[in-house]
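When reading the values below, keep in mind they use all heavy atoms of this one structure, side chains included, and skip hydrogens, waters and symmetry mates.
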Amino acid sequence: MKILAIETSCDETAISILEATGGLDAPAFSILSQVISSQIDMHREWGGVVPNIAKREHQKLLVPVLLEALTKAEIKQTPLGTMPYIKEILHREEILLQNIENSIASLGIPEIDYIAVTAGPGLEPALWVGINFARALGELWQKPVIGINHMEGHIMSPLLRGNTISFPAVALLISGGHTELIQLNDWHSYTLLGMTRDDAIGEAFDKVARMLDLPYPGGPEISKLALRGNKSDISLPRPMINSDNLDFSFSGLKTAVKYYVNDHSLLSEQDKCDISLAFEEAATEVIISKTKRALEQSNAKTLIVGGGVIANTRIRTALEHLIAGEFSDVTLLIPSLSHCGDNASMIAAAAYIRIEKGSAGSPLEAHGSMMLTN
Ligand code: KG4
Ligand code: ZN
């Protein structure tokens with residue numbers, strides 16, 4: 001079956017078209033097109049994502065991104081005939097109408113089976129643009145529209161490179177908004193093992209980067225500097241590393257960096273590299289320690305890692321070492337780099353699993369449950 005998926009939960013306007021086969025036993029995906037239009041330049045000057053700017057950009061970008069995704073996928077189309085109400089629908093949903101008659105009308109109805117859309121969690125104003133756009137297309141093309149949880153998308157993202165999940169599995173989700181350890185006993189059977197009590201790990205990377213006058217998003221910048229860092233006497237805490245649970249805390253680590261920066265007013269380029277390294281090492285140690293405990297306690301056969309922070313080489317390598325050294329029976333599933341950050345292919349993959357399992361809900365149903373639900 002063919003699924004067109006839309007993702008607008010944060011600062012990426014993304015649409016993918018996938019062909020999915022194999023069912024639950026051997027899900028396989030062919031990505032016909034994946035278009036991601038990043039708004040990072042718009043948000044950079046504010047030092048972070050501004051929800052209303054994200055909303056406005058999604059409204060502007062969705063139509064061009066859709067056209068590009070449809071063209072790249074070379075999907076067959078059947079004539080649309082007249083377009084009695086697309087203009088009204090898009091007006092109602094505040095999608096900008098530049099060239100809409102010429103563009104969408106000339107395309108016809110694409111031969112897809114479903115439309116999937118991220119229903120949450122994410123920035124409310126940004127999410128609604130995508131949800132309403134998906135519903136408008138659903139009405140126009142007469143296709144079913146499915147709502148997908150963004151975090152479930154990250155969990156399913158390794159499926160895009162041909163991996164399968166053996167249960168029980170543990171998912172480690174590390175992104176700008178989330179730091180969670182989740183147990184999966186089966187498809188869609190989730191137990192939250194632990195989560196951050198304050199900042200998400202990606203948020204901590206972004207905030208530390210700001211302290212060092214590095215641009216947003218900070219994660220990639222810190223990683224780059226850390227590569228040139230030397231071991232120093234900078235001593236940073238490993239918050240909650242010895243606590244008797246699987247929760248995280250990154251606010252204390254971030255604050256320790258802040259104190260260090262405040263105490264050393266003239267930081268050289270090398271100082272910044274050394275601080276980046278010390279911060280990355282502290283954050284990595286906490287992630288590894290908690291993940292290790294989660295794997296031990298759940299007897300997991302698979303460790304899935306998702307979210308933008310897995311692009312970090314130190315964290316990635318440390319997880320690979322953990323599995324190779326201490327959990328040789330566990331399969332580590334990491335998405336390819338192009339699917340680590342936010343994208344719509346992972347939303348389509350998650351939708352396929354929901355469709356095959358018979359548990360797909362509408363965007364409005366899915367929007368109500370911001371946490372992962374069974
Ligand atoms: O999953 P994602 O694209 O968006 C959501 O938050 O849902 O993750 C974005 C986060 C940002 O905080 C960014 O700084 C972080 O991922 N990130 C990294 C790296 N690349 C992106 N953090 C550490 N190292 C990286 N190489
Ligand atoms: Zn994300």
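- Ser276 approaches Leu225 most closely through the heavy-atom pair OG-CB, 3.5 Å.
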- Message: Evaluate Ser336 against His339 for side chain to side chain donor-acceptor pair (under 3.5 Å), listing each step before the verdict.
- Response: CA-CA 5 Å; Ser336 62; His339 300 127; 3.1 Å; yes
- Between Lys55 and Glu124, is a salt bridge (charged side-chain N to carboxylate O under 4.0 Å, His left out) present by the stated rule, with each step listed? CA-CA 9 Å; Lys55 171 185 171 176; Glu124 281 286 311; over 6 Å; no
- Are Glu68 and Lys72 close enough, and set up right, to give a salt bridge (charged side-chain N to carboxylate O under 4.0 Å, His left out), and what steps lead you there? CA-CA 6 Å; Glu68 190 180 336; Lys72 277 193 178 154; 2.9 Å; yes
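- For the pair Ile6 and Phe133, the minimum side-chain heavy-atom distance is below 4.5 Å.
- Taking 4.5 Å as the limit, every side-chain heavy atom of Phe29 sits out of range of all side-chain heavy atoms of Ser345.
- The backbone N or O of Tyr260 lies less than 3.5 Å from a partner atom in the side chain of His264, making a donor-acceptor pair.
- Inspection of the Ser362 and Glu365 side chains reveals an N or O donor paired with an N or O acceptor under 3.5 Å.
- Here the shortest heavy-atom pairing between Gln34 and Ser338 reads NE2-O, 3.5 Å.
- For the pair Ser37 and Glu12, the minimum side-chain heavy-atom distance is 4.5 Å or more.
- Counting only N and O atoms by type, the side chains of Thr179 and Lys290 include no donor and acceptor under 3.5 Å apart.
- Checking Tyr216 against Glu221 by side-chain atom types alone, no donor-acceptor pair falls below 3.5 Å.
- Within 6.0 Å of NZ in Lys301 there are 12 or fewer heavy atoms belonging to other residues, nucleotides or ligands.
- Atom CG of Asp244 has 12 or fewer heavy atoms from other residues, nucleotides or ligands within 6.0 Å.
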Residues 305-312, side-chain donor-acceptor partners within the protein, below 3.5 Å, at least two apart:
{"residue": "Asn312", "atom": "OD1", "partner": "Arg314", "partner atom": "N", "Å": "3.0"}
{"residue": "Asn312", "atom": "OD1", "partner": "Ile315", "partner atom": "N", "Å": "3.0"}
{"residue": "Asn312", "atom": "ND2", "partner": "Ser223", "partner atom": "OG", "Å": "3.1"}
{"residue": "Asn312", "atom": "ND2", "partner": "Glu280", "partner atom": "OE2", "Å": "3.0"}

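- Between the CD1 atom in Ile222 and the NZ atom in Lys207 there is a gap of 13.5 Å [rounded to 0.5 Å].
- Separating the OG1 atom in Thr302 from the CD1 atom in Ile323 is a distance of 10.0 Å, to the nearest 0.5 Å.
- Thr13 and His58 share a side-chain donor-acceptor pair at under 3.5 Å.
- Between Lys357 and Asp186 the shortest side-chain heavy-atom distance falls below 4.5 Å.
- Distance check: Ile75 CD1 to Leu4 CG gives 8.0 Å after rounding to the nearest 0.5 Å.
- Side-chain contact, Glu326 with His321: no donor N or O sits under 3.5 Å from an acceptor N or O.
- Here the closest non-hydrogen pair linking Asp342 and Cys10 is OD2-CB, 4.0 Å.
- Judged by distance alone, with hydrogens and angles left aside, the side-chain atoms of Lys272 form a donor-acceptor pair with the main-chain N or O of Leu212 at under 3.5 Å.
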Would you be so kind as to tabulate the donor-acceptor pairs closer than 3.5 Å made by side chains of residues 156-173, with sequence neighbours excluded?
{"residue": "Ser157", "atom": "OG", "partner": "His154", "partner atom": "O", "Å": "2.6"}
{"residue": "Arg161", "atom": "NH1", "partner": "Ile334", "partner atom": "O", "Å": "2.9"}

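- Rounding to the nearest 0.5 Å places CE of Met240 at 10.0 Å from CZ of Phe250.
- A donor-acceptor pair is defined here as one N or O able to donate and one able to accept, closer than 3.5 Å; no such pair exists between the side chain of Glu74 and the backbone of Thr71.
- A continuous path of Ile, Leu, Val, Met, Phe, Trp and Tyr side chains, each step under 4.5 Å between heavy atoms, connects Ile275 with Leu253, placing both in one hydrophobic cluster.
- Aromatic rings of Phe279 and Phe205 (six-membered ring for Trp) have centroids within the 6.0 Å cut-off, being under it.
- The pair Glu57-Lys60 meets the salt-bridge criterion, with a side-chain N (NZ, NE, NH1 or NH2) lying under 4.0 Å from an Asp/Glu carboxylate O.
- In this structure, Asp247 contributes its side chain and Thr196 its backbone to no donor-acceptor pair below 3.5 Å.
- In this structure, Leu319 and Leu303 have side chains that are in contact, with non-hydrogen atoms separated by less than 4.5 Å.
- For the pair Ile355 and Met1, the minimum side-chain heavy-atom distance is below 4.5 Å.
- Looking only at distances, no side-chain donor or acceptor of Asn132 sits under 3.5 Å from a matching main-chain atom of Gly130.
- Judged purely by atom type and a 3.5 angstrom limit, Thr317 uses its side chain to pair as donor or acceptor with the backbone of Thr313.
- Checked by atom type and distance alone, the side chain of Tyr352 pairs as donor or acceptor with a backbone atom of Gly23 at under 3.5 Å.
- Of all heavy-atom pairs spanning Gly147 and Ala119, the tightest one is CA-CB, 4.1 Å.
- The closest donor-acceptor contact from the side chain of Asp274 to the backbone of Asp271 lies at 3.5 Å or more, if one exists at all.
- Applying the side chain to side chain donor-acceptor pair (under 3.5 Å) rule to pairs touching residues 226-235 yields Lys231-Glu281, sequence neighbours excluded.
- The side-chain heavy atoms of Glu152 and Arg354, taken from C-beta on, include a pair separated by under 4.5 Å.
- Remark: the backbone N or O of Pro217 is not paired with any side-chain donor or acceptor of Asp206 at under 3.5 angstrom.
- A distance of 10.5 Å separates CG of Asn262 from OG1 of Thr255, quoted to the nearest 0.5 Å.
- Taking both residues in full, the closest heavy atoms of Leu123 and Ala54 are given as CD1-CB, 4.4 Å, listed atom of the first, atom of the second, then distance.
- Between Asp199 and Phe248 there is no side-chain heavy-atom pair separated by less than 4.5 Å.
- No donor-acceptor pair closer than 3.5 Å links the side chain of Ser289 to the backbone N or O of Glu285.
- One side chain, Thr118 or Glu7, offers a donor N or O that lies under 3.5 Å from an acceptor on the other.
- The minimum heavy-atom distance between Ile36 and Ala14, with the atom names listed, is CG1-CB, 4.1 Å.
- Interatomic distance, OG of Ser359 versus NE2 of His188, reported as 4.5 Å (0.5 Å rounding).
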